[in-house]
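Single-structure report; data block below.
Bear in mind that the values here come from a model prediction, so they are computed numbers and not experimental data. The basis for the numbers below is simple: all heavy atoms, side chains too, and nothing from hydrogens, waters or symmetry mates.
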Amino acid sequence: LRLADAVPARPAAGNTAGRQARQAAAVAIAAVADEISRFPLLAGRHDLGLRGGRISFAGGNVLRISLSAVRWVTNAAIDGVASWNQSADTVLARLTVHIPGASPVRLTARWRPFGQQDQLAVITGSQGGRHLAVTCPAP
């Protein structure tokens, strides 16, 4: 429900970002993964975020997912774009997580949404000059 309760992504070599940035990274990719799973069920090309915000979809085999003020948790908003290449089963997401009272977390994430059970999402980025380098289970 809140960012502080999210399971943080695991630090990788070179990470200097703190727990909050690692939690934001995990939350951001979860929001994208939720939309990937919901897309086939939607009647149109728009959706609402779990706890607020808007999502739009464009494209075909490479589906572009645009997030605007999406709230996977109540106290952080996610903006950005993800591309899901359905034939290659890969996702590339460039997202910004806005956290009240903190520097935004800017990240790039890559993962295979329908890969093996032990697949990892690889996430890099920054928060306030600190380098984010993390992994977490691919959602």
| said: Pair Phe39, Ile65 - check side-chain contact (heavy atoms from CB on, under 4.5 Å), show working. | reply: CA-CA 10 Å; Phe39 179 72; Ile65 306 164; over 6 Å; no
| CA sep, side-chain torsions, deciding dist, call: Arg54, Val70, side-chain contact (heavy atoms from CB on, under 4.5 Å) | CA-CA 6 Å; Arg54 298 194 56 81; Val70 169; 6.0 Å; no
| Short question: side chain of Asn75, backbone of Leu3 - any donor-acceptor pair under 3.5 Å? | yes
| query | Could you give the distance from CD (Glu35) to CG (Leu50), rounded to the nearest 0.5 Å? | reply | 9.0 Å
| message | Would the distance check show the side chain of Arg51 and the main-chain N or O of Trp72 forming a donor-acceptor pair, the cut-off being under 3.5 Å? | response | yes
| Hey, is the main chain of Ala4 close enough, under 3.5 Å, to the side chain of Arg19 for a donor-acceptor pair? | no
| task | Begin with the C-alpha distance, continue with both residues' side-chain angles, and end with the deciding distance and a verdict on side-chain contact (heavy atoms from CB on, under 4.5 Å) for Thr96 and Arg106. | result | CA-CA 4 Å; Thr96 301; Arg106 301 180 198 290; 3.6 Å; yes
| For Arg38, all residues meeting salt bridge (Lys or Arg N to Asp or Glu O under 4.0 Å), sequence neighbours excluded | Asp47
| query | With sequence neighbours left out, which residue pairs that include part of residues 72-90 fulfil the salt bridge (charged side-chain N to carboxylate O under 4.0 Å, His left out) condition? | reply | Asp89-Arg112
| field | Heavy-atom donor-acceptor pair, Thr16 side chain to His131 backbone, under 3.5 Å | value | yes
| task | Evaluate the side-chain contact (heavy atoms from CB on, under 4.5 Å) criterion for residues Ile99 and Gln127: first the C-alpha distance (whole Å), next the side-chain angles of each, then the deciding distance (0.1 Å), finally the verdict. | result | CA-CA 11 Å; Ile99 306 162; Gln127 182 185 33; 4.1 Å; yes
| field | Ser87/Asn85 under side-chain hydrogen bond (donor to acceptor under 3.5 Å, both in side chains): CA gap, chis, key distance, verdict | value | CA-CA 6 Å; Ser87 62; Asn85 184 323; 3.0 Å; yes
| More than 12 heavy atoms from other groups under 6.0 Å of CZ on Arg64 | no
| query | Do side-chain atoms of Arg22 reach the backbone of Ala9 as a donor and acceptor pair under 3.5 angstrom? | reply | yes
| remark: In this structure, CG of Leu67 is separated from OG of Ser56 (nearest 0.5 Å) by 8.5 Å
| query | Does Leu1 offer a backbone N or O that forms a donor-acceptor pair with the side chain of Thr74 under 3.5 Å? | reply | yes
